[in-house]
Undergrad: 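Shown below is the structure under consideration.
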There are 2 protein chains.
Amino acid sequence: MKNYSRQREAIAHALQNTTEHPTASAVYETVRETIPNISLGTVYRNLAALAEEGMIKQLSVGDSSDRFDGDISPHSHFYCEKCGKVSDVSYVADGVYPDLEKDYGFKVKASSLVLCGVCKDCNKD
Amino acid sequence: MKNYSRQREAIAHALQNTTEHPTASAVYETVRETIPNISLGTVYRNLAALAEEGMIKQLSVGDSSDRFDGDISPHSHFYCEKCGKVSDVSYVADGVYPDLEKDYGFKVKASSLVLCGVCKDCNKD
DNA sequence: TTAATAATAGTAACTATTACTGATTTTGAA
DNA sequence: TTCAAAATCAGTAATAGTTACTATTATTAA
């Protein structure tokens, strides 16, 4: 484990101690409780760095701001378009949500599976 | 079919005539070829309206701007983190990309399945 | 100890998107 | 048709999330 700054440790810690999927500003507010003068820029920079090295996951759910997830084990997400809350769900085949309504009480209206990587053309070099 | 403005028709038409997944500004540039003085605000407003009524699909792939898709049939997307291009792929179970590399030449590094709807608590009213 | 390196706080800048405003177009009933 | 009400537009201003910059502070390693 590398030597992290106090700020980065606090940010990583904040994500590992919640089951929510906070935005950058929500992380900022949490970390401010222990490091009151931390800068929002520092939060963004460290979130990006942690995501880059695979310690956390960055998540676009469709609303204005990205979410961050300290749980990097494979799972999917449910986004409530009313309250904005993001919940974990186990992997499901896209387009088929067998028992989501029964298991979680979710009413699923849409789904979006995005794979990310490098395409054929860009893979040449 | 409702009565659309010339601008909205041109926007919908632009999306139906491409297999790419343009951003709002890309749609703006395309539509400007036929309606040179169309406003970017008009493009945003009509894209939102078309998405609202289910004529098109809005798509967050993780980079700065949203994409729009005139193809509303069920399918998933591949986002190339190098060139930014978005490609269609058939539905696959999240976390399992059987022959994507073989079929498309994609090197898949990450995946994100987001379901959208209304959660248990919000469904009460 | 001290010079080099890295990270920070605070702030300014940027960009995608939304809101606003007054003008123009469309609608629909008289 | 005609005219008032409603909708949509172009153009611009404002907002919000995020990134870049700068001078300062902390860390590293010789």
Side-chain angles (χ1 to χ4, degrees), chain A residues 1-15 20-53 55-69 79 81 84 86 112 114, chain B residues 1-15 20-53 55-69 79 81 84 86 114 116:
Chain A
M1 176 83 96
K2 275 170 64 183
N3 245 359
Y4 287 137
S5 70
R6 194 166 67 95
Q7 288 84 346
R8 182 177 300 192
E9 289 226 30
I11 289 164
H13 195 255
L15 279 174
E20 298 193 16
H21 302 75
T23 61
S25 347
V27 171
Y28 176 58
E29 290 307 329
T30 301
V31 175
R32 247 145 75 90
E33 289 167 16
T34 54
I35 309 180
N37 71 329
I38 193 171
S39 166
L40 181 57
T42 298
V43 173
Y44 271 104
R45 180 164 27 79
N46 282 297
L47 285 172
L50 289 165
E52 179 69 25
E53 45 176 308
M55 301 277 298
I56 66 174
K57 240 200 144 192
Q58 186 160 2
L59 181 63
S60 292
V61 291
D63 69 351
S64 48
S65 32
D66 277 6
R67 313 303 181 99
F68 295 88
D69 194 344
Y79 169 71
E81 64 189 8
V86 175
S112 171
V114 178
Chain B
M1 176 83 95
K2 274 170 66 183
N3 246 358
Y4 287 137
S5 71
R6 194 167 68 95
Q7 289 85 345
R8 182 176 300 192
E9 290 226 28
I11 289 164
H13 196 255
L15 279 174
E20 299 192 16
H21 302 75
T23 62
S25 347
V27 172
Y28 175 58
E29 290 307 329
T30 301
V31 175
R32 247 145 73 91
E33 290 167 15
T34 55
I35 309 179
N37 72 329
I38 193 171
S39 167
L40 182 56
T42 298
V43 173
Y44 272 103
R45 179 165 28 79
N46 281 297
L47 284 173
L50 288 165
E52 178 69 25
E53 46 177 308
M55 301 278 297
I56 65 175
K57 239 201 145 191
Q58 188 161 1
L59 181 63
S60 292
V61 290
D63 69 351
S64 49
S65 32
D66 277 5
R67 313 305 181 96
F68 295 88
D69 195 343
Y79 169 70
E81 64 189 7
V86 175
V114 177
C116 179

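Small disclaimer: the values here were computed from a predicted structure and weren't measured. We name chains A, B, ... by the order of the sequence lines, and we start the count at 1 in each one.
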Undergrad: Indicate yes or no for a side-chain donor-acceptor contact from S39(B) to the backbone of G41(B) under 3.5 Å, with no hydrogens or angles considered.
TA: yes
Undergrad: If I take atom CD1 in residue I38(B) and atom P in nucleotide dT8(D), what distance separates them, rounded to the nearest angstrom?
TA: 14 Å
Undergrad: Please pick, from dT18(D), dA10(D), dA16(C), the nucleotide with the shortest atom-to-atom distance to any side-chain atom of S64(B).
TA: dA16(C)
Undergrad: Which residue is it: L59(B), I56(B), L50(B)? I am looking for the one with a side-chain contact (heavy atoms from CB on, under 4.5 Å) to F68(B).
TA: I56(B)
Undergrad: Roughly how many Å is it from OH in Y28(A) to P in dT11(C), rounded to a whole number?
TA: 10 Å
Undergrad: Just the rounded figure in Å: distance from P of dT18(D) to CG of L59(A).
TA: 12 Å
Undergrad: Can you measure I35(B) atom CD1 to dT25(C) atom P for me and round it to whole angstrom units?
TA: 13 Å
Undergrad: Mapping A24(A) and R45(A) onto DNA chain D by nearest heavy atom, which one lands closer to the 5' end?
TA: A24(A)
Undergrad: Salt bridge check, R8(A) against E53(A): does any charged N sit closer than 4.0 Å to a carboxylate O?
TA: yes
Undergrad: Any side-chain N or O of S5(B) below 4.0 angstrom from OP1/OP2 of dC9(D)?
TA: yes
Undergrad: Between N46(A) and dT8(C), is there a side-chain N or O to OP1/OP2 distance below 4.0 Å?
TA: yes
Undergrad: Is any side-chain heavy atom of R67(A) closer than 4.5 Å to a side-chain heavy atom of Y79(A)?
TA: yes
Undergrad: Is the backbone of A26(A) close enough, under 3.5 Å, to the side chain of T23(A) for a donor and an acceptor to pair up by distance?
TA: yes
Undergrad: Taking atom C1' of dT25(C) as reference, at what distance in whole Å does atom CZ of R8(B) sit?
TA: 14 Å
Undergrad: Between the base of dG10(C) and the side chain of S39(A), is there any donor-acceptor pair under 3.5 Å?
TA: yes
Undergrad: Does Q7(B) make a side-chain N or O approach to OP1 or OP2 of dT25(C) shorter than 4.0 Å?
TA: no
Undergrad: Let me know the distance between CG of L47(B) and P of dC9(D), rounded to the nearest Å.
TA: 11 Å
Undergrad: Take atom CZ of R6(B) and atom P of dT24(C), then tell me their distance rounded to the nearest Å.
TA: 15 Å
Undergrad: Between Y44(A) and dT18(D), does any side-chain N or O lie under 4.0 Å from OP1 or OP2?
TA: yes
Undergrad: Considering just the side-chain nitrogens and oxygens of T42(A), establish if one lies under 4.0 Å of OP1 or OP2 belonging to dA9(C).
TA: yes
Undergrad: In whole Å, I'd like the distance from the CZ atom of F68(A) to the C1' atom of dG17(D).
TA: 11 Å
